[in-house]
Amino acid sequence: MPESLTGHLVVPVDDAEDAHATATALQAYAVEKVTAVHVVEKGGGSLDTIPLEQAEQRAEEAFEAFREVIPDANTELTYHTDVVEGVFEVATDREATAIAFHPRGGGRLTQFLSGDTALRLITESDRPVIALPEQPDE
């Protein structure tokens, strides 16, 4: 029997605004199980991008915003030197059937400077990746 594509989605979220927009885009679809994941990017020997307490607070706010739209979502906070690798590790650990994400936009320069996380999610994943569409009011 074929596996369900949406049996268990891992959904990366950044801040509260991104989490709310992502959950809103996702709620239009039938999904069996959702785990929202926030990756705290660690410096790997260099300074972290933001203080740990601030990063964890940002994650909690993102999870609250996500659960305002999808109350039964699981959440996972993880720490990694590479955000994309952190998402992949959670997807593997949780045996996710797919990764769904909401593209955050930004110009080509922003994408270039940020390493184009969306492109890496799509091209380096070992499981299906679903890009959620923009909502009409975004």
Side-chain angles (χ1 to χ4, degrees):
M1 181 170 169
E3 184 177 4
S4 169
L5 183 64
T6 57
H8 182 184
L9 294 181
V10 162
V11 182
V13 295
D14 185 22
D15 56 19
E17 182 180 342
D18 171 65
H20 191 271
T22 300
T24 300
L26 183 61
Q27 75 176 11
Y29 304 95
V31 176
E32 295 171 39
K33 186 175 178 182
V34 176
T35 298
V37 60
H38 180 92
V39 180
V40 174
E41 190 171 14
K42 301 296 292 174
S46 62
L47 293 175
D48 294 338
T49 54
I50 59 175
L52 182 59
E53 288 182 13
Q54 185 179 352
E56 290 173 339
Q57 179 64 35
R58 182 179 177 155
E60 277 306 311
E61 291 170 2
F63 292 151
E64 286 177 24
F66 197 89
R67 285 193 184 119
E68 286 177 6
V69 180
I70 303 176
D72 60 343
N74 298 309
T75 59
E76 184 157 334
L77 175 62
T78 190
Y79 304 85
H80 206 285
T81 57
D82 183 309
V83 172
V84 173
E85 291 297 324
V87 171
F88 291 162
E89 285 182 10
V90 171
T92 299
D93 291 347
R94 296 289 184 117
E95 299 179 357
T97 55
I99 297 168
F101 74 102
H102 188 243
R104 296 185 179 113
R108 295 296 299 159
L109 180 60
T110 301
Q111 292 174 358
F112 175 75
L113 293 173
S114 68
D116 203 348
T117 303
L119 179 62
R120 288 191 57 219
L121 277 173
I122 294 167
T123 59
E124 298 177 17
S125 179
D126 65 349
R127 64 199 74 230
V129 177
I130 301 167
L132 299 167
E134 293 283 327
Q135 297 301 302
D137 61 338
E138 291 184 65

Practice problem: Apply the test side chain to side chain contact (heavy atoms under 4.5 Å, CB included) to residues Ile122 and Phe101: give CA-CA distance (whole Å), side-chain angles for both, the deciding distance (0.1 Å), then the verdict. | Solution: CA-CA 10 Å; Ile122 294 167; Phe101 74 102; 4.0 Å; yes
Exercise. State plainly whether one hydrophobic cluster holds both Leu132 and Ile70, where clusters connect Ile, Leu, Val, Met, Phe, Trp and Tyr through side-chain heavy atoms under 4.5 angstrom apart.
Key: yes
Exercise. Please test Arg120 against Glu85 for side chain to side chain contact (heavy atoms under 4.5 Å, CB included), starting from the C-alpha separation and ending with a verdict.
Key: CA-CA 9 Å; Arg120 288 191 57 219; Glu85 291 297 324; 3.8 Å; yes
Exercise. Could you tell me which non-hydrogen atom of Pro12 sits nearest to which non-hydrogen atom of Asp18, and how far apart they are?
Key: O-OD2, 4.3 Å
Practice problem: Take Val11 and Ile99, measure what side chain to side chain contact (heavy atoms under 4.5 Å, CB included) needs, and give me the verdict at the end. | Solution: CA-CA 6 Å; Val11 182; Ile99 297 168; over 6 Å; no
Self-check item: salt bridge (charged side-chain N to carboxylate O under 4.0 Å, His left out) partners for Asp93, two or more places apart
Solution: none
Quiz item: In terms of hydrophobic clustering (I, L, V, M, F, W, Y; side-chain heavy atoms under 4.5 Å; direct or indirect links), are Val34 and Leu5 co-clustered?
Solution: yes
Quiz item: In terms of hydrophobic clustering (I, L, V, M, F, W, Y; side-chain heavy atoms under 4.5 Å; direct or indirect links), are Phe66 and Val31 co-clustered?
Solution: yes
Practice problem: Heavy atoms only: give me the nearest Gly7-Thr97 pair and the separation to one decimal. | Solution: N-OG1, 3.2 Å
Exercise. Verify the distance criterion only: is there a donor paired with an acceptor across the side chains of Ser4 and Glu32 at less than 3.5 Å?
Key: yes
Self-check item: Co-membership, hydrophobic cluster, residues Val90 and Val129, 4.5 Å side-chain
Solution: yes
Self-check item: Pairs satisfying side-chain hydrogen bond (donor to acceptor under 3.5 Å, both in side chains), at least one member in residues 65-74, at least two apart
Solution: Arg67-Thr75
Self-check item: For the student: nearest non-hydrogen atoms of Gly86 and Thr78, plus distance
Solution: O-CG2, 4.2 Å
Exercise. Could you pull out the closest heavy-atom pair between Ala96 and Val10, with the gap in Å?
Key: CB-CG2, 3.5 Å
Quiz prompt | His80 vs Glu89, side chain to side chain contact (heavy atoms under 4.5 Å, CB included): CA-CA, chis, key distance, verdict | solution = CA-CA 9 Å; His80 206 285; Glu89 285 182 10; 3.1 Å; yes
Quiz item: Do Gln57 and Glu61 get their side chains close enough for a donor-acceptor pair, meaning under 3.5 Å?
Solution: yes
Exercise. Measure across Arg127 and Ala91 and return the closest heavy-atom pair with its distance rounded to 0.1 Å.
Key: NH1-O, 3.5 Å
Self-check item: Whether over 12 other heavy atoms sit under 6.0 Å from Glu17 CD
Solution: no
Exercise. Quick one: pull up OG1 in Thr92 and CG in Asp126 and give me the separation to the nearest 0.5 Å.
Key: 5.0 Å
Quiz item: Are Val39 and Leu121 linked, directly or through other ILVMFWY residues, by side chains that come within less than 4.5 angstrom of each other?
Solution: yes
Quiz item: If you round to the nearest 0.5 Å, how far is CG of Leu9 from NZ of Lys33?
Solution: 11.5 Å
Self-check item: Validation row: Glu95, His8 side chains within 4.5 angstrom (heavy atoms)
Solution: no
Quiz item: Do you know the tightest heavy-atom contact between His38 and Val13?
Solution: ND1-O, 3.1 Å
Practice problem: To the nearest 0.5 Å, tell me how far Glu76 CD sits from Thr35 OG1. | Solution: 7.5 Å
